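Worksheet for the structure shown next.
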Number of protein chains: 2
Amino acid sequence: MADVARLAGVAISTVSRALANPGRVNEKTRAKINAAAKQLGYTPNAMARGLRVGKSNIIMIVLPGSLYYGVSQIIPQVLQSINKSLIQGGYNLMIANLDRDEVSERHILDLAFGGSVRGAIILSSKLPEVDGRSLANSGLPIVSMLLDMSDAGLQSVITNDREAVREVTAELIRLGHRRFFYLAGPEGNYHDVERYGGVLEALEAAGLPKESVHRSGGRLDYQHGFDIGVQAADDFAELAQKPTAVIATSDDMAISFVSRIKRAGLSIPDDLSVVSFDGSPVCEFSAPPLSTIEQPVEEMGRTAVELLLDAIGQRQNPASVRTVIRSKLILRESIAPPKS
Amino acid sequence: MADVARLAGVAISTVSRALANPGRVNEKTRAKINAAAKQLGYTPNAMARGLRVGKSNIIMIVLPGSLYYGVSQIIPQVLQSINKSLIQGGYNLMIANLDRDEVSERHILDLAFGGSVRGAIILSSKLPEVDGRSLANSGLPIVSMLLDMSDAGLQSVITNDREAVREVTAELIRLGHRRFFYLAGPEGNYHDVERYGGVLEALEAAGLPKESVHRSGGRLDYQHGFDIGVQAADDFAELAQKPTAVIATSDDMAISFVSRIKRAGLSIPDDLSVVSFDGSPVCEFSAPPLSTIEQPVEEMGRTAVELLLDAIGQRQNPASVRTVIRSKLILRESIAPPKS
DNA sequence: CGATTTTTGGCAAACGTTTGCTATAAGGCG
DNA sequence: CGCCTTATAGCAAACGTTTGCCAAAAATCG
């Protein structure tokens with residue numbers, strides 16, 4: 001920096017101001033300084049700046065350790081969307097994986113308390129907490145995405161899971177379906193609770209008994225989504241009275257389920273209607289094309305970043321601590337009225 | 001840190017040594033210091049440390065801007081694998097997206113030259129370079145993954161793309177196929193060149209003319225993989241003499257191609273054999289299950305990290321600058337001898 | 001031209017560590 | 001007890017910025 005100042009013929013403090021605080025310095029000299037910096041190949045040291053101003057420009061995203069359930073299909077989109085928004089705001093994205101062990105929790109806490117990161121977006125249902133340190137009281141702005149953690153006081157950006165499932169179930173009922181097959185994710189998982197709840201609500205609204213839905217899966221904790229579908233197909237085969245409609249909580253499990261079920265001789269949608277969750281692009285090209293509830297990841301990511309940057313900028317939080325972004329039902333050929 | 005020293009009844013320098021340089025201090029006092037630190041909820045400031053020692057513990061991964069071609073399916077696995085290995089080594093992973101614009105290049109260079117990162121793993125064919133600054137001469141250890149950039153002097157961890165495609169093509173020839181349809185990714189893309197090259201080599205080895213393969217796609221620069229398959233299906237429909245085997249350069253395009261081609265009344269593998277690239281889990285559940293060349297992402301990621309950390313540790317580079325990890329052909333029902 | 005505003009210079013402290021140095025203390029050994 | 005080894009204390013410099021302060025210089029304006 002001293003070299004740049006010398007070359008530009010200005011004071012070192014002026015260089016600093018020109019680079020970090022573009023308002024405080026004359027346009028002309030700033031140009032001169034930039035030219036000098038470019039000529040010398042100078043880039044300000046981020047850590048020194050961070051140390052001095054007491055804040056970094058890194059945002060951490062906390063991903064659930066195993067990416068293989070449900071959300072796995074959409075993680076790259078989430079990352080892409082968040083990173084893009086962050087960069088526009090001058091921030092960088094760091095990945096943190098929250099596994100089920102203490103090491104990874106400690107690691108994340110070190111990041112948070114060590115001043116390395118400026119804020120966090122979390123996609124995990126559990127806040128790291130060990131040795132009395134907890135992400136919650138790290139002083140970092142945090143926003144939760146995909147999972148509603150507003151109970152824990154976190155801003156949350158979510159979709160209307162429950163409502164979307166309720167509506168699609170209602171639609172299936174309207175088409176004449178009366179017996180349902182529900183493919184669950186890990187039991188107790190937020191999404192599972194919400195989505196299954198949506199099914200039950202729709203049944204109740206239509207005056208159908210809870211027993212109208214058979215729940216399958218949920219035994220595999222954080223397993224690969226495809227496995228759930230495979231097992232569910234076995235499960236399905238053993239049912240005496242076959243359901244006529246399937247509601248799956250991820251595209252992955254729907255795809256493997258359909259594959260197996262077709263092999264067993266059933267035809268979709270003639271024998272069985274199927275709808276799933278996520279909106280993976282691949283659904284359009286399944287056989288048959290799958291109806292799916294598309295998660296607006298792009299918009300959710302953008303919104304999460306907006307909220308986080310607002311919080312960092314000390315601007316007051318928006319009225320609601322929970323931001324719901326509506327998902328979109330994509331209807332394709334996998335749904336039809338039940339065969340007589 | 002001063003507080004911790006006071007509480008533990010030791011000097012501040014001792015605390016520093018105990019925390020950062022565990023060898024230099026007595027076991028007993030170290031325990032005392034750790035206890036004090038825990039009690040006070042103290043975490044060392046990473047930026048101050050980084051500033052002082054002149055190095056960060058952040059590794060940057062440079063992803064091609066648009067994740068939607070080819071590799072898109074495997075990005076989450078790559079990230080997961082790399083991050084896991086890095087954390088074990090005490091490093092953190094930062095994401096950098098390399099778009100086709102100068103802004104993103106500048107951003108990456110700022111990261112590199114600003115001392116924010118300690119090394120880089122790149123998955124992009126182009127090294128950021130602007131204003132005379134280039135990633136190549138940033139002094140950072142870099143390893144390339146998926147793409148062979150050993151020509152540019154970068155350590156590269158790759159699969160045997162060319163060979164794998166050559167072998168699968170030879171296998172198709174052995175089965176009796178004589179006319180091929182090749183689904184290309186973006187023209188000039190490293191993977192496209194390698195894979196197409198593999199096809200041509202197999203043809204030549206079997207004494208077949210180059211014209212035995214029809215090349216489709218490649219017009220879409222960095223488009224969504226599924227689109228390529230859709231367009232290729234149109235392309236296929238217009239061919240007078242139909243090929244009997246398809247070699248696709250990503251699972252995505254194979255899936256959409258198959259979907260369209262079946263809709264046109266053709267049956268796989270009776271009318272057309274299909275093999276693709278990536279090893280996406282979804283291939284197992286396609287109709288029919290797709291043969292695919294599986295990229296060993298997990299192992300590649302681990303290896304890339306190993307090489308990078310070696311380079312950081314100043315240990316000498318391994319003999320070869322190019323590390324090839326063999327891919328694995330997964331044979332499924334989408335391949336058969338041609339009809340008659 | 002004088003008065004006023006804007007811009008810059010120069011200085012120095014601060015951010016929270018690490019680390020080399022010397023000196024002191026503690027312990028073990030013959 | 002003296003000698004050696006090992007552990008710690010205490011000090012101070014350094015890492016590369018930012019920033020508040022005041023003075024000096026330059027530009028602008030009436």
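Only this structure's heavy atoms are used, side chains among them; waters, hydrogens and symmetry mates stay out. Protein chains get the first letters and strands the later ones, always in sequence-line order, with residue 1 at the start of each. As the structure is a prediction and not an experimental result, all values here were calculated from the model.
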Separation of [N] [atom2] from [X] [atom1] (nearest whole Å):
X: Arg49(A); N: dC15(C); atom1: CZ; atom2: C1'; result: 14 Å
X: Leu19(B); N: dG16(C); atom1: CG; atom2: C1'; result: 13 Å
X: Lys28(A); N: dA25(D); atom1: NZ; atom2: C1'; result: 13 Å
X: Asn57(A); N: dT17(D); atom1: CG; atom2: P; result: 15 Å
X: Arg17(B); N: dT17(C); atom1: CZ; atom2: P; result: 15 Å
X: Asn26(B); N: dA9(D); atom1: CG; atom2: P; result: 11 Å
X: Arg6(A); N: dT8(C); atom1: CZ; atom2: P; result: 20 Å
X: Lys32(B); N: dA9(D); atom1: NZ; atom2: C1'; result: 13 Å

[X] side chain, from C-beta outward: closest of [options]:
X: Ala48(A); options: dT17(C), dT17(D), dT8(D); value: dT17(D)
X: Leu51(B); options: dT17(C), dG20(D), dG16(D); value: dG16(D)
X: Thr29(B); options: dT17(C), dG16(C), dT8(D); value: dT8(D)

Among Asn97(A), Ile75(A), Leu63(A), Ile95(A), the one residue meeting side-chain contact (heavy atoms from CB on, under 4.5 Å) with Gln80(B):
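For Gln80(B), the side-chain contact (heavy atoms from CB on, under 4.5 Å) test succeeds with only one of Asn97(A), Ile75(A), Leu63(A), Ile95(A), which is Asn97(A).
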Of all residues at least two apart in sequence or in a different chain, which pass the side chain to side chain contact (heavy atoms under 4.5 Å, CB included) check with Lys55(B)?
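So Lys55(B) forms a side chain to side chain contact (heavy atoms under 4.5 Å, CB included) with Val53(B), Arg118(B).
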Set of side chain to side chain contact (heavy atoms under 4.5 Å, CB included) partners for Ala31(B), sequence neighbours left out
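Once residues adjacent in sequence are excluded, Ala31(B) has no partner under the side chain to side chain contact (heavy atoms under 4.5 Å, CB included) criterion.
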Could you go through residues 109-116 of chain B and list every donor-acceptor pair under 3.5 Å that involves a side-chain atom there, pairing it with any protein atom two or more places apart or in another chain?
from, atom 1, to, atom 2, distance (Å)
Asp110(B), OD1, Arg133(B), NH1, 3.1
Asp110(B), OD1, Arg133(B), NH2, 3.1

Have Thr29(B) and Asn26(B) got a donor and an acceptor in their side chains that come within less than 3.5 Å?
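Their side chains do not contain a donor-acceptor pair, so the 3.5 Å distance test is not met.
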Expected output is a numbered-order residue list: members of residues 9-16 of chain B with a heavy atom under 4.0 Å from any atom of DNA chain D. What is it?
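Output list: Gly9(B), Val10(B), Ala11(B), Ser13(B), Thr14(B).
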Applying side-chain hydrogen bond (donor to acceptor under 3.5 Å, both in side chains) as the test, list every pair that has at least one member in residues 140-150 of chain A; sequence neighbours left out.
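For residues 140-150 of chain A: Asp148(A)-Ser150(A), Asp148(A)-Arg322(A).
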List for me each residue that meets salt bridge (charged side-chain N to carboxylate O under 4.0 Å, His left out) alongside Asp131(A), sequence neighbours excluded, and say none if there are none.
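Asp131(A): salt bridge (charged side-chain N to carboxylate O under 4.0 Å, His left out) contacts with Arg106(A), Lys38(B).
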